[in-house]
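The structure under discussion appears below in the form of structure tokens.
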2 protein chains.
Amino acid sequence: MRKVAESTVRRLSLYLRFLEEFEGQGIATVSSGALASRGSTTSAQVRKDLSFFGSFGKRGLGYPVPELAGRLREILGLKQRYQVGMIGAGKIGGALVQYRGFRQRGFDIVAIFDSDPAKIGRQWNGLTILDIDTLEAEFARRPIDMAVLVTPADAAQPVTDRLVQLGVKAVLNFAPVQLVVPDDVVVKTVNLALELETLSYALANR
Amino acid sequence: MRKVAESTVRRLSLYLRFLEEFEGQGIATVSSGALASRGSTTSAQVRKDLSFFGSFGKRGLGYPVPELAGRLREILGLKQRYQVGMIGAGKIGGALVQYRGFRQRGFDIVAIFDSDPAKIGRQWNGLTILDIDTLEAEFARRPIDMAVLVTPADAAQPVTDRLVQLGVKAVLNFAPVQLVVPDDVVVKTVNLALELETLSYALANR
DNA sequence: GTTTGTGAAACGATTCACAGCT
DNA sequence: AGCTGTGAATCGTTTCACAAAC
């Protein structure tokens with residue numbers, strides 16, 4: 001089951017969302033073709049993606065909606081909730097703290113850190129912004145599964161090193177830098193300016 | 001020059017950032033290997049990426065930093081500034097309006113629209129939030145090159161249809177939906193919950 | 001001696017097509 | 001008859017390796 005492409009994992013997340021919609025409508029089974037058309041892919045792609053993890057369908061019938069949704073949650077590691085620490089209490093951090101999509105999907109932001117004395121001590125969504133200097137002490141009290149990095153570029157790598165030291169194995173990074181981490185730590189970087197540049201490339205090359 | 005992979009375009013954006021750093025340090029030439037190590041790729045990848053657009057280097061020497069940066073700006077369509085309209089004045093929109101990275105890279109947010117009467121008329125970063133009902137009238141006065149969509153999921157497709165009607169050719173979408181647009185319109189969707197799910201997949205499968 | 005530019009080879013992902021189950 | 005599961009074929013991307021330029 002090893003070595004599944006990231007593109008496959010992303011599609012599995014999409015399939016899960018569609019399955020949850022079907023579930024809400026009380027639809028009991030769904031074919032690969034139906035899932036495919038909702039996600040602008042092909043039925044063969046859907047079947048191949050699922051086949052990496054087992055065979056969940058019935059030939060001639062399709063896939064049982066609730067069972068497949070459950071299996072996808074298992075595969076994606078969504079049967080548990082995650083404790084998420086946010087590093088940086090700027091604008092983007094503020095938006096993410098209030099973003100319902102995270103909590104809805106099982107990701108609970110349980111701590112916010114910043115280095116700015118003007119921010120430390122303030123309340124955000126019921127959470128007190130903590131001094132980044134107390135990161136190690138906080139971790140001792142309250143383990144954290146994932147970190148969301150929303151610091152300025154130059155603070156990102158040093159704070160990442162501290163997080164790695166503390167045993168964090170997953171980082172969602174919004175700082176526009178390439179973070180260096182050990183092999184057993186997974187980083188996903190979201191670079192918003194870069195997304196806009198792929199759009200301007202597309203506009204310029206038509 | 002047609003049909004360059006999106007992965008290639010993303011790397012070109014990264015190379016440009018590194019070149020700008022080198023430029024700031026007054027470095028005159030750079031080798032493919034030096035660019036590669038900054039972006040965690042390989043020198044062959046760098047050379048192949050650039051070769052889609054021409055030959056910019058000197059054998060034995062490397063690439064002239066300012067010239068290559070200029071060519072990349074041209075290729076990426078960054079020699080002009082873009083007028084960006086933001087649709088939705090929620091938390092994420094607020095963060096993006098103040099995000100300096102956009103303006104720095106040539107993307108100017110020039111209008112903000114929302115449907116909530118409590119928000120319409122407020123000032124954000126010097127911009128008045130406009131009634132979404134005046135979208136068409138605003139466009140007549142002030143053309144917009146790109147739209148940033150930060151609406152609730154159910155509003156995303158209808159407003160996209162209106163934007164397409166108005167001639168918008170590029171949309172950066174933060175709503176968790178698959179937008180349907182004509183072939184000549186380019187959409188880039190950023191789905192934050194999905195990014196977290198690729199992390200939880202990685203944690204669950206080790 | 002160093003580093004580019006690029007065909008060719010290797011690798012990886014998607015699509016095809018069909019046998020096998022329901 | 002309908003739809004899955006999956007090898008085989010196809011397509012696309014990355015890496016290799018080396019001749020050509022400096």
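So that the names make sense, note that chain A is the first sequence line, chain B the second, and so on, each numbered from 1.
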Within the structure, does a side-chain N or O atom of [X] lie under 4.0 Å from either OP1 or OP2 of [N]?
X	N	value
B:Arg11	D:dT14	yes
A:Ser51	D:dG5	no
B:Thr42	D:dT15	yes

Side chain of B:Lys58 only, heavy atoms from C-beta on: which candidate in D:dT15, D:dC22, D:dC3 is closest? D:dC22
When you measure from the side chain of B:Thr8, which nucleotide among D:dC16, D:dA20, D:dT14 comes out closest? D:dT14
Answer whether the closest heavy-atom distance between the side chains of [X] and [Y] falls below 4.5 Å.
X	Y	value
B:Ser13	B:Leu76	yes
B:Leu194	B:Val190	no
B:Val186	B:Lys169	no

Under 4.0 Å, counting only non-hydrogen atoms across every strand here, what does B:Ser43 touch: a base, just sugar-phosphate, or nothing? nothing
Select base, sugar-phosphate, or nothing to describe what A:Thr41 touches, counting heavy atoms under 4.0 Å on all strands. nothing
Over 12 non-hydrogen atoms of neighbours within 6.0 angstrom of CD in B:Gln165: no
Using the benzene-type ring in the case of Trp, are the ring centres of A:Tyr82 and A:Phe107 under 6.0 Å apart? yes
What about A:Phe18 and A:Tyr15, are their ring centers closer than 6.0 Å? no
The first and last nucleotides of DNA chain C lying within contact of chain A, meaning any atom under 4.0 Å from one of its heavy atoms, run from C:dA13 to C:dT22
Contacts of A:Asp49 and A:Leu61 projected onto DNA chain C by closest heavy atom; the upstream (5') one is A:Asp49
Under a 3.5 Å threshold, yes or no: a donor from one side chain and an acceptor from the other, between B:Glu195 and B:Asn191? no
Can you sort out the partners of B:Glu74 under side chain to side chain donor-acceptor pair (under 3.5 Å), two or more places apart, ordered by chain and number? B:Arg71
Between B:Thr8 (side chain only) and B:Val4 (backbone N and O only), is there a donor and an acceptor less than 3.5 Å apart? no
Quantify the bending of the helix from C:dG1-D:dC22 to C:dT22-D:dA1 as the angle between its end axes, each fitted on five pairs, to 10°. 0°
